[in-house]
Amino acid sequence: MSHLENRMKTSLAQIQPSDILAFNQEISTIDGIVKLTLGEPDFNTPEHVKQAAIDSINQNESHYTDSRGTAGLRRAAASFLATKYHLDYDPDSQILVTVGASEGIYSSLTAMLNPGDTVIIPTPIFPQYIPATLLSGGKPIFVDTSADGFILTPEKLQAAIEANRDTVKAVVLNFPTNPTGVTYSRAELTALAEVLKQYDIFVLADEIYSELTYESAHVSMGEILPEQTVLLNGVSKSHAMTGWRIGLICGPQAVIREIAKVHQTAVTATTANAQAAAEEAFAHGQNDGVEMRAVYQNRRDFLLAGLADAGFQCASPKGAFYLFAKIPASLEQDSLKFCYDLANTAKVALIPGASFGPGGEGYVRISYAASMVDLQTAVDRIKQYVAQKG
């Protein structure tokens with residue numbers, strides 16, 4: 001009998017399939033359940049963007065593109081980033097088009113890390129940075145931000161760097177943050193940059209939710225610290241294009257050149273007609289996200305009020321489309337057990353906070369990328385559940 005599975009890459013033994021996706025799949029079988037689980041915009045891709053892809057297909061643009069992405073898309077992306085976030089990237093040498101921001105995470109960390117390197121990851125956070133680090137032989141260094149309003153403070157950043165000074169290669173910043181919806185102000189980013197300038201390390205700034213910020217405009221780490229920042233962005237959230245799989249990596253020319261080697265080896269190039277759609281989104285849909293953002297903000301405000309009535313306290317969400325809510329003390333504090341019971345008893349599906357690393361236990365993530373009808377139903381059911389269980 002063959003045992004070839006025992007000869008697979010050893011770092012894979014540290015990695016498990018996504019528990020978020022597994023939980024979502026399992027509870028999806030419950031009849032009548034309202035799911036506020038995944039970060040999937042419930043809007044359709046704008047019509048003019050879809051038409052650009054159709055035109056691309058009809059024009060037989062069905063061949064390999066430049067591995068870096070089409071010239072038109074890279075120029076449109078550079079213009080979009082300059083207009084929106086005061087970023088200055090040369091489309092010919094500082095922008096790389098990827099298969100979503102997810103591939104951007106993988107290709108960037110693979111290019112950066114050698115075995116034994118460490119990556120500082122503030123938590124709770126979207127967990128994909130962790131397996132990407134482990135697969136390269138690196139080690140995640142978690143910094144729990146739950147006591148600091150779910151932001152990484154300069155003091156904790158410097159302490160983490162100093163404690164791992166011989167090995168630290170990068171720090172991850174994801175903002176607006178999945179799962180908390182918290183983001184960073186210009187002053188907070190500048191304070192972090194003052195620490196980072198002291199060290200020869202990368203900043204992997206995942207800003208995929210940059211167009212979904214409320215009350216104040218998004219400020220990019222690429223503007224504050226361009227010489228050390230590798231910026232991730234794309235059209236998935238801003239233009240409701242998750243399935244099109246178009247992301248961006250931007251950064252210093254010499255760094256992008258090296259990341260491009262991993263990208264080319266992994267995927268050759270992204271899909272031609274999807275790139276045509278993304279070019280249209282960046283070039284002629286710079287404000288497509290404004291209407292979506294207004295709807296998301298209304299949903300956020302409704303949920304904040306409804307959950308407060310039910311006894312949940314939430315982090316201060318200023319972006320993305322998530323609430324990170326503290327489970328009331330009278331209820332089960334094991335977030336996985338709580339979510340299973342809520343799903344089976346009240347038919348409302350949320351994601352356990354423990355899935356997002358240290359500081360997440362005792363919380364649940366709630367996605368409001370869902371209809372207002374579903375949100376109203378969910379709030380009513382949660383209130384009834386708390387009244388019965390509390």
Side-chain angles (χ1 to χ4, degrees), residues 41 44-85 87-112 128 132 204-208 210-211 220 222 229-286 288-289:
N44 292 323
T45 301
E47 291 299 322
H48 70 104
V49 175
K50 292 191 287 187
Q51 188 59 52
I54 293 169
D55 292 344
S56 174
I57 293 169
N58 287 335
Q59 292 162 13
N60 294 310
E61 294 175 354
S62 56
H63 305 283
Y64 293 124
T65 70
D66 187 321
S67 179
R68 299 169 297 166
T70 63
L73 173 52
R74 284 182 280 119
R75 286 194 297 266
S79 177
F80 179 90
L81 294 171
T83 300
K84 291 282 186 173
Y85 312 123
L87 297 170
D88 183 18
Y89 291 118
D90 177 7
D92 291 330
S93 61
Q94 292 185 279
I95 295 180
L96 181 65
V97 179
T98 61
V99 183
S102 297
E103 190 239 312
I105 294 169
Y106 174 81
S107 291
S108 297
L109 288 172
T110 299
M112 292 173 186
Q128 189 161 348
L204 184 62
D206 184 349
E207 302 178 22
I208 191 67
S210 59
E211 281 296 279
S220 175
T229 298
V230 173
L231 174 69
L232 304 179
N233 213 310
V235 291
S236 290
K237 316 300 181 181
S238 59
H239 293 80
M241 294 176 67
T242 52
W244 297 80
R245 309 312 301 134
I246 296 293
L248 302 172
I249 307 176
C250 310
Q253 178 178 343
V255 174
I256 294 300
R257 183 177 62 240
E258 297 305 297
I259 297 174
K261 296 177 183 177
V262 179
H263 162 75
Q264 186 178 70
T265 301
V267 301
T268 304
T270 53
T271 306
N273 57 69
Q275 291 189 66
E279 179 181 343
E280 172 68 18
F282 282 133
H284 302 114
Q286 291 198 356
D288 283 349

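Start at 1 with the first residue, then count along the sequence.
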Under the side chain to side chain donor-acceptor pair (under 3.5 Å) test, which residues partner [X], sequence neighbours left out?
X	result
Ser210	Tyr85, Asn233
Glu61	Ser56
Ser238	none

Please tell me if the side chains of [X] and [Y] come closer than 4.5 Å, counting only heavy atoms from C-beta onward.
X	Y	value
Val49	Met241	yes
Leu231	Ile249	no
Leu87	Cys250	no
Thr98	Leu248	no
Ile95	Arg75	no

Test your reading of the model: is there a side-chain donor-acceptor pair from [X] to the backbone of [Y], 3.5 Å cut-off?
X	Y	result
Ser67	Thr268	yes
His239	Gly285	yes
Glu207	Leu232	no

What pairs with [X] under side-chain contact (heavy atoms from CB on, under 4.5 Å), at least two apart in sequence or on another chain?
X	result
Thr271	Asn273, Ala274
Ser236	Thr242, Arg245
Gln94	Tyr89, Asp90, Gln253
Ala52	Glu280

(request) Calculate, to the nearest 0.5 Å, the distance between atoms OG1 and CD1 belonging to Thr110 and Ile259 respectively. (result) 10.0 Å
(message) Return the OG to NZ distance between Ser220 and Lys84, rounded to the nearest 0.5 Å.
(response) 13.5 Å
(message) Tell me every residue that passes salt bridge (Lys or Arg N to Asp or Glu O under 4.0 Å) with Arg74, counting only those two or more places apart in sequence or in another chain.
(response) Asp66, Asp92
(request) Apply side chain to side chain contact (heavy atoms under 4.5 Å, CB included) to the pair Ser93 and Arg68, showing each step before the final yes or no. (result) CA-CA 9 Å; Ser93 61; Arg68 299 169 297 166; 5.9 Å; no
Using every non-hydrogen atom in the two residues, find where [X] and [Y] come nearest and quote the distance to one decimal.
X	Y	value
Ser108	Leu204	CB-CD1, 3.8 Å
Gln275	Thr70	OE1-N, 2.8 Å
Ala272	Thr65	CB-CG2, 3.9 Å

Identify all side-chain donor-acceptor contacts of residues 100-107 below 3.5 Å with residues at least two apart in sequence or on another chain.
unit_1 : atom_1 : unit_2 : atom_2 : d
Ser102 : OG     : Gln128 : OE1    : 3.4
Glu103 : OE1    : Val99  : N      : 2.8
Glu103 : OE1    : His263 : ND1    : 3.2
Glu103 : OE2    : Ser107 : OG     : 2.6
Glu103 : OE2    : His263 : ND1    : 3.0
Ser107 : OG     : Glu103 : O      : 3.3

(request) Only pairs at least two apart or in different chains count here, so list each salt bridge (Lys or Arg N to Asp or Glu O under 4.0 Å) that has a residue in residues 259-279. (result) Glu258-Lys261
(request) If a pair satisfies ring-ring contact (aromatic ring centres under 6.0 Å, His included) and one of its residues is in residues 265-284, list it, with sequence neighbours excluded. (result) Phe80-Phe282
(request) With sequence neighbours excluded, give me every ring-ring contact (aromatic ring centres under 6.0 Å, His included) pair touching residues 45-74. (result) none
(request) Show your working on side chain to side chain donor-acceptor pair (under 3.5 Å) between Asp55 and Gln51 and close with a plain yes or no. (result) CA-CA 6 Å; Asp55 292 344; Gln51 188 59 52; 2.9 Å; yes
